[in-house]
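Naming: A, B, ... by sequence-line order, numbering from 1 per chain.
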Amino acid sequence: MIDPKALRENPTKFRQGAADKGVVIDFDRLIALDERRRAVMTDLESRRAEQGRLGKETGPKMGQLKGKLKAAMGAEAAAISAELAELERKPQSLKAQIAALELELASVEPAWRELLMTVPQPPAADVPKGTGAQDNKELRRWNPKGFDSTKSFEAQRGFKPKTHLELVRDLKLADFERGVKMSGTRHYVLTGMGMRLHQAVLRYALDFMADKRGFTPMGVPVIVREECMMGTGFFPFGREQAYHIEESKRGNAHDLFLTGTGEVGLMGLHADEILSASDLPRTYCTLSTCFRREAGASGKDTAGLYRIHQFDKVEQVVVCQALESESRTWHAHMMESVEMILQSLGLPYRLLQCCTGDLGMKNEDMVDIECWMPGRGDDGADGRPTGDWGETHSASRLGDYQCRRLNLRYRDGEGRTQFAYALNNTVIASPRVLIPILEMHQQKDGSVEIPAPLRVHCGGATHLRPA
RNA sequence: GGACAGGUGGCCGAGUGGCCGAAGGCGCUGGUUUGCUAAACCGGUAUACGCGCAAAACGCGUAUCGCGGGUUCGAAUCCCGCCCUGUCCUCCA
């Protein structure tokens, strides 16, 4: 959520930001609603003040009169009744006015709020303008020794690479048929060493963040209330991407939702809290199962482990003070963590600065990290894929947009409360990251060499071999 | 899933129609004093929104006693609905 005061003071900034993101918002209506809302509030409040004053002045007297009225008779009673009616006239008319204003506010306020929630966070000034992924700018890339992602796999390694689908089949690492049998399309079963490799990479990543980067590991709910999804900014727009658990039909008041990322649980932790400045930054990581409906992705990446409904992810978030410099420092730190991990796994990768059109609602800045996947991409002359980049990570700076929605604040040095800044980034998402691991480390004999850091979690094995 | 009890400020806790944004205590904090530790005394100590101000400070106002609605000139207090928490029973990795 954006700051409504900031919108009032500088509407152009938000109009431009929405335009840069390719989002259409009826700002005129929003501004009109805001003005009406404030006018009604001012009026309402002054009448309530008047009501309170009157109540204090004449209220006790009315109480007394009512007491007397019970005991009085005849002409005396009539006189008291008349006096009472006179006393009640003004507060009663005030009451009617207040009720009318309240009614209006009850329609204006929610409409205003709903529209306000849809205003996207304006991109940071240095984010390149663009309309979609094709306008993203590569920041840098890295290659392991002896491999260059601009040259063909075969030329460098001396054999044609298998795709991860073929490797998974030949090495018996996953069973798609039975996954689909149980749960439908885009489901899978990890089998044997496939499951071990999956767990190994997750465990390695979580340990890395805790041991080498000082992040606090957390186990958080993956079943959350709607407020959590709203607060973290995944709703209302991402609603059709989330699995919905209907509980209200069973008598409970709240439906629940499965989270698509550990970010929801980590950021929801401190919702509605006021932290002290010394509590910041909070640096958390979690390992959680992620659920995504992938609505609208029909036909894309339908085969294999790339686009699936359920996966596991180690996620990192930072909640820091509301300073641009601090946000940027942590952003770099989070990306550095990922680069360290990818380098240790020997995976070529590149960093892409996302353009304004590719940021999404809540981000002011985002860098995607893509790994080189030899089994992806267009087919070459031999009918085999020529390799392509595939997104494995996404590092976002959210400014105060998310914490404002979550009502997550801290008390700064001067004792003022402020909305904190938030950031998040993938640490590792598996099984997707198994794709580059398998494809990059495959050997001519059909085996796959397990990257050194993962072996300890694979029972000491150095290779995956066909049975 | 069943039964009962209960939700008041950072915490504890008083408060059954106007004098209550709310006693008292604890905590925190500023000060005074006692040559240390500690104590005593005095003061301060919620959040949001609106208006004023160029803005901060500040001033004024409104709302908030779990949430929503109702009764009333007036609700922490009365009525209705809901949510949540605790305890016991049941079930369970």
Student: Say you pick atom C1' in B:G7 and the same atom in B:U64; how far apart are they, in whole Å?
Tutor: 16 Å
Student: Which whole number of Å gives the distance between the C1' atom of B:G10 and that of B:U29?
Tutor: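 Rounded to whole Å, the distance is 13 Å.
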Student: Of the nucleotides B:A46, B:G50, B:C73, which has the atom closest to the A:R411 side chain?
Tutor: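 Output: B:A46.
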Student: Considering only atom C1', compute the distance from B:U87 to B:G15 and round it to an integer number of Å.
Tutor: 26 Å
Student: For A:R225, which contact category applies under a 4.0 Å heavy-atom criterion: base, sugar-phosphate, or nothing?
Tutor: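 Sugar-phosphate only.
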Student: Please encode protein proximity along nucleotides 53-69 of chain B as a string of B, S and -, counting only heavy-atom distances under 4.0 Å.
Tutor: --------BSS------
Student: Which residues pass the side chain to side chain donor-acceptor pair (under 3.5 Å) test with A:D175, sequence neighbours left out?
Tutor: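 Testing A:D175 for side chain to side chain donor-acceptor pair (under 3.5 Å), a comparison that skips the adjacent residues, returns A:R178.
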Student: Show me the donor-acceptor pairs, under 3.5 Å and distance only, between side chains in residues 226-238 of chain A and residues at least two apart or in other chains.
Tutor:
unit_1 : atom_1 : unit_2 : atom_2 : d
A:E226 : OE2    : A:R239 : NH1    : 2.9
A:E226 : OE2    : A:R239 : NH2    : 3.1
A:T232 : OG1    : A:C228 : O      : 2.6
A:T232 : OG1    : A:M229 : O      : 3.4

Student: Please identify each residue that fulfils side chain to side chain donor-acceptor pair (under 3.5 Å) with A:D211, with sequence neighbours left out.
Tutor: none
Student: Looking at B:A46, B:G50, B:C84, which one has an atom nearest to any side-chain atom of A:K5?
Tutor: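 So the side chain of A:K5 is nearest to B:G50.
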Student: For B:A22, what is the paired nucleotide under Watson-Crick or G-U wobble rules, both distances under 3.5 Å?
Tutor: none
Student: When you compare B:A23 with B:U8, how far apart are their P atoms, in angstrom units rounded to a whole number?
Tutor: 16 Å
Student: Name the residue from A:R48, A:R53, A:R47 that meets the salt bridge (charged side-chain N to carboxylate O under 4.0 Å, His left out) definition with A:E50.
Tutor: A:R53
Student: Take the protein atom CZ of A:R113 and the nucleotide atom P of B:C49, then report the distance between them rounded to whole Å.
Tutor: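 Rounded to whole Å, this separation is 10 Å.
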Student: So what does A:R36 touch, heavy atoms closer than 4.0 Å: a base, only the sugar-phosphate, or nothing?
Tutor: nothing
Student: In whole Å, I'd like the distance from the CZ atom of A:R37 to the C1' atom of B:C51.
Tutor: 13 Å
Student: Round to the nearest Å and state the distance from A:I98 atom CD1 to B:A75 atom P.
Tutor: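 Taking CD1 of A:I98 and P of B:A75, I get 10 Å after rounding.
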Student: Between A:P91 and A:P4, just flag the one whose closest nucleotide in RNA chain B comes earlier from the 5' side.
Tutor: A:P4
Student: Which value, in whole Å, describes the distance between the C1' atoms of nucleotides B:G13 and B:G70?
Tutor: 30 Å
Student: Expressed as a whole number of Å, how far does the C1' atom of B:G6 sit from that of B:C12?
Tutor: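 Going atom to atom, C1' in each nucleotide, I get 16 Å.
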Student: Could you tell me which non-hydrogen atom of A:F27 sits nearest to which non-hydrogen atom of A:A18, and how far apart they are?
Tutor: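 In this case the closest contact between A:F27 and A:A18 is CE1-CB, 3.9 Å.
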Student: Could you give the CD-to-P distance, from A:E273 to B:U47, as a whole number of Å?
Tutor: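 It works out to 15 Å between those atoms.
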Student: Starting at atom CD of A:E35, determine the distance to atom P of B:C51, rounded to an integer number of angstrom.
Tutor: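 My rounded result for the distance is 11 Å.
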Student: Could you please name the partner base of B:G43, counting Watson-Crick and G-U wobble pairs only when both distances are under 3.5 Å?
Tutor: B:U29
Student: Tell which nucleotide pairs with B:A76, taking only Watson-Crick or G-U wobble pairs whose two distances are both under 3.5 angstrom.
Tutor: none
Student: According to the Watson-Crick and G-U wobble definitions, with both distances under 3.5 Å, which nucleotide is paired to B:G7?
Tutor: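 Across all strands, the one nucleotide that pairs with B:G7 is B:C83.
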Student: I'd like a table of atom pairs between the protein and nucleotides 16-20 of chain B - only N or O on both sides, under 3.5 Å - with the distance next to each one.
Tutor:
unit_1 : atom_1 : unit_2 : atom_2 : d
B:G18  : O6     : A:G59  : O      : 3.2
B:G18  : N1     : A:G59  : O      : 3.3

Student: State yes or no: are the ring centers of A:Y284 and A:H270 separated by less than 6.0 Å?
Tutor: yes
Student: Once you round it to whole Å, what is the distance between P of B:U45 and CD1 of A:I274?
Tutor: 16 Å
Student: Just to verify, what does A:Q316 make a side chain to side chain donor-acceptor pair (under 3.5 Å) with, not counting sequence neighbours?
Tutor: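 Once residues adjacent in sequence are excluded, A:Q316 has no partner under the side chain to side chain donor-acceptor pair (under 3.5 Å) criterion.
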Student: Take atom CG of A:L105 and atom C1' of B:G50, then tell me their distance rounded to the nearest Å.
Tutor: 11 Å
Student: Who does B:G52 pair with, Watson-Crick or G-U, both distances under 3.5 Å?
Tutor: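 Because both required distances fall under 3.5 Å, B:G52 counts as paired with B:C58.
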Student: Only pairs with both distances under 3.5 Å count, Watson-Crick or wobble alike; so what is the partner of B:G17 in this structure?
Tutor: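 Pair assignment: B:G17 / none.
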Student: Between B:U47, B:G50, B:U72, which nucleotide gets closest to the side-chain atoms of A:M41?
Tutor: B:G50
Student: The test is ring-ring contact (aromatic ring centres under 6.0 Å, His included); show your working for A:H309 and A:Y188 and say whether it passes.
Tutor: CA-CA 9 Å; A:H309 289 308; A:Y188 59 96; 10.0 Å; no
Student: Going by purine N1 to pyrimidine N3 plus the second Watson-Crick contact, or the G-U wobble pair, all under 3.5 Å, which nucleotide sits opposite B:U37?
Tutor: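 Pairing partner: none.
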